[in-house]
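Fair warning: this is a prediction, and the values are worked out from it, not measured in the lab. Side-chain atoms are counted along with the backbone in the values below, which use heavy atoms only and exclude waters and symmetry mates.
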Amino acid sequence: MGERVGEIERGREMEVAQVLHMNGGRGEKSYAQNSLVQRKVISITMRIAEEAITNIYCNTFPTSLAIADLGCSSGPNTLYAVSELVKVVDKVRRKLGHQSPEYQVLLNDLPGNDFNAIFKSLAGFQENLKKQMGDGFGPLFFSGVPGSFYGRLFLAKSLHFVHSSYSLMWLSRVPEGLEGNKGNIYMASTSPPSVLKAYYMQFQTDFTLFLKCRSEELVAGGRMVLTILGRRSEDPSSKECCYIWELLAEALNEMVLEGIIEEEKFDSFNIPQYTPSPFEVESQVKKEGSFTIDRLEVSHISWNAYDNEVHQSEAFEDDGYNVARCMRAVAEPLLVSHFGEAIIDEVFSKYGEIVASRMSKEKTEFVNVTVSLTRKG
């Protein structure tokens with residue numbers, strides 16, 4: 001019996017790993033075209049990552065520097081963080097009169113990620129960076145590393161720096177024990193305590209495993225900066241982290257009432273995500289014990305990344321439309337694998353209207369928890 005349960009659990013993890021990826025390509029619905037929120041979050045938190053990588057460089061002056069970006073996705077953000085990190089190291093080494101280290105850049109995501117799009121963009125990226133940085137810079141060597149970061153990905157003691165932004169809120173699987181979560185697709189104000197507990201326990205298991213694996217892969221004194229979609233509140237079902245999914249549940253519920261989606265199908269769909277509070281991140285790091293915390297900060301960003309942007313198209317002025325497109329780029333593969341493709345356009349059309357209505361009445365923003373860690377010696 002135990003073996004059978006183990007097989008089922010592995011199957012659920014495998015299923016999430018296969019379907020959890022952002023929309024590939026470069027089309028209108030792709031993640032590449034709808035990831036401005038994520039880019040702005042990297043910009044907001046980059047000073048923390050720059051401080052951390054400067055710290056490890058100045059402490060050890062390595063001749064080669066291995067940087068891993070976990071949950072790199074594809075599109076313009078994939079190489080953005082890496083380019084900012086190598087630029088800051090190059091600035092410091094020039095100031096000190098040192099020779100440039102060789103950079104090994106390891107880009108990780110789940111196997112369903114659009115790695116082909118990344119590889120196609122590398123030659124142009126390298127060329128532009130060389131022009132910007134001038135002689136004596138680099139070289140950079142890139143590798144794609146498909147696989148779940150809830151397991152080992154790299155050689156022991158081979159990494160100097162790990163960066164991850166907006167990836168660690170995704171769980172390795174949908175938690176067990178969500179049968180009582182009817183009418184919801186995530187934690188919500190109407191979810192029973194058992195559902196909130198199931199989500200938190202899955203987060204604890206996953207995040208602990210993540211820290212353990214990275215502690216084996218980082219050199220002593222290696223640094224890690226993680227930005228996770230989170231919350232300020234200690235209530236895991238608070239509006240600030242669950243509202244965006246509650247509104248998607250509302251759109252799906254409408255389609256159940258219209259007879260387009262079966263109620264049973266709707267009730268068996270749950271999002272494999274957990275948005276932790278700063279306290280939960282801190283306590284898990286301390287409990288696992290491999291890292292010291294250098295910084296723990298909270299920031300926020302509007303749901304609509306196009307706020308204050310100059311647009312070429314009036315379509316971008318529609319807040320609900322923008323947020324629905326952004327969420328579609330992220331959630332479509334999960335929805336398609338559960339409900340099929342036929343309903344997707346209608347789901348996001350309804351969702352856009354619901355989001356627009358709510359955004360016109362209240363302030364809506366994502367909360368980000370950023371933690372900067374050092375691997376203990």
Would you say S215 and F291 make side-chain contact, with heavy atoms under 4.5 Å? yes

Can a salt bridge be assigned to the pair K87 and E84 using a cut-off of 4.0 Å between side-chain N and carboxylate O? yes

Do the side chains of P62 and H160 get nearer than 4.5 Å, heavy atoms only? yes

Could you please spell out the steps behind the ring pair (Phe, Tyr, Trp, His ring centres under 6.0 Å) verdict for F339 and F266? CA-CA 8 Å; F339 297 105; F266 171 66; 7.3 Å; no

Which atoms form the tightest heavy-atom contact between S148 and L153, and what is the distance? O-CD2, 3.7 Å

Check this for me, if you would: do K212 and E288 make a salt bridge, where the nitrogen-to-carboxylate-oxygen distance has to be below 4.0 angstrom? no

Can you tell me if Q99 has over 12 outside heavy atoms packed within less than 6.0 Å of its CD? no

Report yes or no: does K376 contribute a side-chain atom to a donor-acceptor pair with the main-chain N or O of G221 at less than 3.5 Å? no

Which pair of heavy atoms, one from C72 and one from T78, lies closest together, and at what distance? O-OG1, 3.1 Å

Please tell me whether S43 and Y80 have a donor and an acceptor in their side chains that are separated by less than 3.5 angstrom. yes

So, D114 side chain and A117 main chain: donor-acceptor pair closer than 3.5 Å or not? yes

Measure across G177 and A198 and return the closest heavy-atom pair with its distance rounded to 0.1 Å. O-CB, 4.5 Å

Within 6.0 angstrom of E234 CD, more than 12 heavy atoms from elsewhere: yes

Side chains of F269 and L335: closer than 4.5 Å at any heavy-atom pair? yes

Nearest non-hydrogen partners of M169 and I228, listed with the distance: N-CG2, 3.7 Å

Side-chain H-bond candidate by donor/acceptor type, T63 with E102, under 3.5 Å: no

Give the C-alpha distance, both sets of side-chain angles, the deciding distance and a yes or no for side-chain contact (heavy atoms from CB on, under 4.5 Å) between K91 and V89. CA-CA 5 Å; K91 195 175 167 186; V89 172; over 6 Å; no

How close do G138 and S100 get, heavy atom to heavy atom, and via which atoms? N-OG, 3.0 Å

Kindly compute the distance separating CZ (F141) from CG (L122), expressed to the nearest 0.5 Å. 13.0 Å

Any chance you could lay out the ring pair (Phe, Tyr, Trp, His ring centres under 6.0 Å) test for F149 and F154, step after step, and finish with the verdict? CA-CA 10 Å; F149 48 48; F154 311 103; over 10 Å; no

Atom CD of E262 and atom CG of D267: how far apart are they, to the nearest 0.5 Å? 11.0 Å

Is the closest basic N to carboxylate O distance between R223 and D294 below 4.0 Å? yes

Are F142 and F119 close enough that their ring centres sit under 6.0 Å apart? no

Among L226, L296, L373, T292, which residue satisfies the side chain to side chain contact (heavy atoms under 4.5 Å, CB included) criterion with V285? L373

Could you tell me whether the side chain of Y186 reaches within less than 4.5 Å of the side chain of N270, counting heavy atoms only? no

Indicate whether the side chain of R173 and that of Q202 have a donor and an acceptor atom separated by less than 3.5 Å. yes

Between E297 and T370: side-chain donor-acceptor atoms closer than 3.5 Å: no

Within a strict 4.5 Å, meaning less than it, do heavy atoms of the L211 and M224 side chains meet? yes

Does E263, at its CD atom, have more than 12 non-hydrogen atoms belonging to other residues, nucleotides or ligands within less than 6.0 Å? no

Keeping the roles fixed (side chain from E280, backbone from S277), state whether a donor-acceptor pair exists under 3.5 Å. yes

Full working for side-chain contact (heavy atoms from CB on, under 4.5 Å) between Y166 and N368: CA-CA 8 Å; Y166 264 37; N368 320 305; 2.4 Å; yes

Note: S299 and T45 closest approach over all heavy atoms is OG-CG2, 4.2 Å

From Y103 atom OH to L65 atom CG, the distance as rounded to the nearest 0.5 Å: 6.5 Å

Interatomic distance, CD1@I244 vs CD1@I271, rounded to 0.5 Å, equals 11.5 Å

Ion pair K287/E282, N-O distance below 4.0 Å: no

Once you round to the nearest 0.5 Å, how far does CG of L209 lie from OG of S172? 8.0 Å

Can you tell if the side chain of E246 reaches within under 4.5 Å of the side chain of S189, non-hydrogen atoms only? yes

Angle between ring planes, F210 versus F207, binned at 30° and 60°: parallel, tilted or perpendicular? parallel

Do S167 and L70 make a side-chain contact, defined as non-hydrogen atoms from C-beta onward lying under 4.5 Å apart? no

Run L252 and K350 through side-chain contact (heavy atoms from CB on, under 4.5 Å) and show every step you take. CA-CA 9 Å; L252 290 164; K350 285 181 184 293; over 6 Å; no

For the ring pair H98 and F61, is the centre-to-centre distance below 6.0 Å? yes

Is a donor on one side and an acceptor on the other found under 3.5 Å between the side chain of N113 and the backbone of S73? yes

Co-membership, hydrophobic cluster, residues F279 and Y200, 4.5 Å side-chain: no

Does one hydrophobic cluster hold both L96 and I56, with members joined at side-chain heavy-atom distances below 4.5 Å? yes

Output yes when R328 and D345 qualify as a salt bridge under the 4.0 Å nitrogen-oxygen rule, no when they do not. yes

Please report the C-alpha distance between K265 and H338 in whole Å, then the side-chain angles of each, then the deciding distance to 0.1 Å, and finally whether the side-chain contact (heavy atoms from CB on, under 4.5 Å) criterion is met. CA-CA 8 Å; K265 197 85 173 153; H338 191 82; 3.9 Å; yes

For D235 and S237, run side-chain hydrogen bond (donor to acceptor under 3.5 Å, both in side chains): C-alpha distance rounded to whole Å, both residues' side-chain angles, the deciding distance at 0.1 Å, then the answer. CA-CA 5 Å; D235 173 12; S237 65; 2.9 Å; yes

Side chain of T208, backbone of T205: donor and acceptor closer than 3.5 Å? no

Side chain S372, main chain V225, donor-acceptor under 3.5 Å: no

Under a 3.5 Å threshold, yes or no: a donor from one side chain and an acceptor from the other, between Y199 and Q273? no

Can a salt bridge be assigned to the pair E217 and R214 using a cut-off of 4.0 Å between side-chain N and carboxylate O? yes

Using the six-membered ring wherever Trp is involved, compare the ring planes of W170 and W245 and label them parallel, tilted or perpendicular (cut-offs 30° and 60°). perpendicular

V195, M201: one ILVMFWY side-chain cluster at the under-4.5 Å cut-off? no

Strictly by modelled atom types, are D69 and N108 linked by a side-chain donor-acceptor pair under 3.5 Å? no

Using 0.5 Å steps for rounding, measure from the CG atom of L229 to the OH atom of Y274. 12.5 Å

Contact between D206 and F203 at the side-chain level, heavy atoms closer than 4.5 Å - yes or no? no

